[in-house]
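See structure below.
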2 protein chains.
Amino acid sequence: MVDRISDGEHAVMDVLWDEAPLTAAEVAERIDPARGWSDRTVKTMLARLLAKGALAHEEDGRRYLYRPLVARADYAARESRKLIDRLFGGRAAPLVAHLAEQDQLSPQDIAEIEALLKALKP
Amino acid sequence: MVDRISDGEHAVMDVLWDEAPLTAAEVAERIDPARGWSDRTVKTMLARLLAKGALAHEEDGRRYLYRPLVARADYAARESRKLIDRLFGGRAAPLVAHLAEQDQLSPQDIAEIEALLKALKP
DNA sequence: TCCCTCCGATTACAGATGTAGTCTTATATG
DNA sequence: CATATAAGACTACATCTGTAATCGGAGGGA
């Protein structure tokens with residue numbers, strides 16, 4: 001049911017992934033001010049996310065409390081897979097290789113990833 | 001100038017990243033048949049990619065030869081960075097951690113990445 | 001020479017997206 | 001009690017995308 005979360009919708013999900021449930025007004029307060037959104041825009045995003053099943057809402061007096069229905073990790077997994085499929089032939093290693101070539105890995109990143117991989121090995 | 005390459009446009013870029021220059025008809029032949037596109041659709045994509053500066057074309061008699069202006073690696077870098085910024089707080093290590101947790105790394109991936117990282121270290 | 005065909009250019013049109021504005025209704029306040 | 005507000009519901013509208021169809025001109029065959 002949750003087809004695709006657009007970039008704008010993602011900003012709303014981000015807020016609710018950090019803290020939920022929240023009212024529409026509370027979500028609007030927490031949206032990255034850099035977007036310069038009016039609260040109407042936030043309400044539109046909430047309505048669209050509800051319609052596509054990414055959020056649930058429960059009544060709280062005469063307003064709603066919104067809560068995510070998709071987990072951030074699930075969404076991240078889907079998006080990562082799409083990127084890897086589209087750009088790296090479906091395999092993760094070329095993505096890491098790519099990041100490495102582009103110097104997008106700090107020494108700290110490298111250390112962390114090595115530790116991770118070590119832990120993964122049988 | 002190359003703002004965003006949509007999913008459909010990406011299918012066309014993929015063909016031209018593999019082989020260029022090509023005529024519109026040649027691109028159409030090479031598009032993944034799974035898309036079921038008419039050649040009109042391919043022409044539309046070519047026109048849009050031209051307009052947004054992702055392709056160049058040169059005349060060849062009464063038709064054009066198209067070639068990419070953005071490199072696949074550059075595009076991959078931009079898209080990877082966007083994903084990492086949006087979903088992983090701008091750091092690559094959590095992405096790899098995430099792939100690991102989701103069992104999206106095969107033993108071969110792990111071996112390859114380890115070798116890569118080893119080579120990166122001073 | 002005249003028409004058919006193949007190409008690019010232009011136009012179409014519905015659904016998604018960004019970005020709100022207006023309508024309706026149920027409280028809260030004077 | 002009457003009315004101003006504030007929430008959600010519905011509507012708006014331009015742009016981007018997917019997916020073509022149509023128009024107009026240049027070459028090639030009859």
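As the structure is a computational prediction, the values presented were derived from the model and not from experiment.
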Between the base of [N] and the side chain of [X], is there any donor-acceptor pair under 3.5 Å?
{"X": "A:Arg4", "N": "C:dT17", "answer": "no"}
{"X": "B:Thr44", "N": "D:dA20", "answer": "yes"}
{"X": "A:Arg40", "N": "C:dT22", "answer": "yes"}
{"X": "B:Arg48", "N": "D:dT19", "answer": "yes"}

Just checking [X]: base, sugar-phosphate only, or nothing, at a heavy-atom cut-off of under 4.0 Å?
{"X": "B:Ala47", "result": "nothing"}
{"X": "A:Gly36", "result": "sugar-phosphate"}
{"X": "A:Arg63", "result": "sugar-phosphate"}
{"X": "B:Thr41", "result": "base"}
{"X": "A:Thr23", "result": "nothing"}

_Residues A:Glu29, A:Leu22; criterion side-chain contact (heavy atoms from CB on, under 4.5 Å); working and verdict_ = CA-CA 10 Å; A:Glu29 283 169 16; A:Leu22 293 177; over 6 Å; no

Per [X] side chain, nearest of listed nucleotides [options]:
{"X": "A:Met45", "options": "C:dC7, D:dG18, C:dT19", "answer": "C:dT19"}
{"X": "B:Glu9", "options": "D:dG8, D:dT17, D:dA20", "answer": "D:dT17"}
{"X": "A:Ser38", "options": "D:dA9, C:dT17, C:dA20", "answer": "C:dA20"}
{"X": "A:Arg62", "options": "D:dT22, D:dA12, C:dA26", "answer": "C:dA26"}
{"X": "A:Asp7", "options": "C:dG18, D:dG18, D:dG8", "answer": "C:dG18"}

*By nearest nucleotide on DNA chain C, pick out whichever of B:Tyr64 and A:Gly61 is the more 5' one.*
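The residue closer to the strand's 5' end, by nearest nucleotide, is B:Tyr64.
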
*What are the two closest non-hydrogen atoms of A:Leu105 and A:Val96, and how far apart are they?*
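The answer is CD1-O, 4.3 Å.
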
What is the distance, to the nearest angstrom, from the [atom1] atom on [X] to the [atom2] atom on [N]?
{"X": "B:Ile5", "N": "D:dT17", "atom1": "CD1", "atom2": "P", "answer": "10 Å"}
{"X": "B:Glu59", "N": "C:dC7", "atom1": "CD", "atom2": "C1'", "answer": "12 Å"}
{"X": "B:Leu46", "N": "C:dA9", "atom1": "CG", "atom2": "P", "answer": "10 Å"}
{"X": "B:Glu29", "N": "C:dC6", "atom1": "CD", "atom2": "P", "answer": "14 Å"}
{"X": "A:Trp37", "N": "C:dG21", "atom1": "CH2", "atom2": "P", "answer": "15 Å"}
{"X": "B:Arg35", "N": "D:dG18", "atom1": "CZ", "atom2": "C1'", "answer": "10 Å"}
{"X": "A:Leu49", "N": "C:dT17", "atom1": "CG", "atom2": "C1'", "answer": "12 Å"}
{"X": "A:Lys43", "N": "D:dA7", "atom1": "NZ", "atom2": "P", "answer": "7 Å"}

_By the definition side-chain contact (heavy atoms from CB on, under 4.5 Å), identify the one residue from B:Val12, B:Asp14, B:Asp18 that meets it with B:Leu16._
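Among the candidates, only B:Val12 passes.
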
_Does A:Arg4 form a side-chain contact (heavy atoms from CB on, under 4.5 Å) with A:Glu79? I'd like the steps, not just the answer._
CA-CA 9 Å; A:Arg4 154 156 183 83; A:Glu79 292 300 301; 3.9 Å; yes

*Determine, stepwise, if the pair A:Arg91 / B:Gln108 fulfils side-chain contact (heavy atoms from CB on, under 4.5 Å).*
CA-CA 10 Å; A:Arg91 298 207 33 251; B:Gln108 192 196 344; 4.3 Å; yes

*Starting at CG of B:Leu99, measure out to CG of A:Leu95 and round the result to the nearest 0.5 Å.*
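Separation between the atoms: 7.0 Å.
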
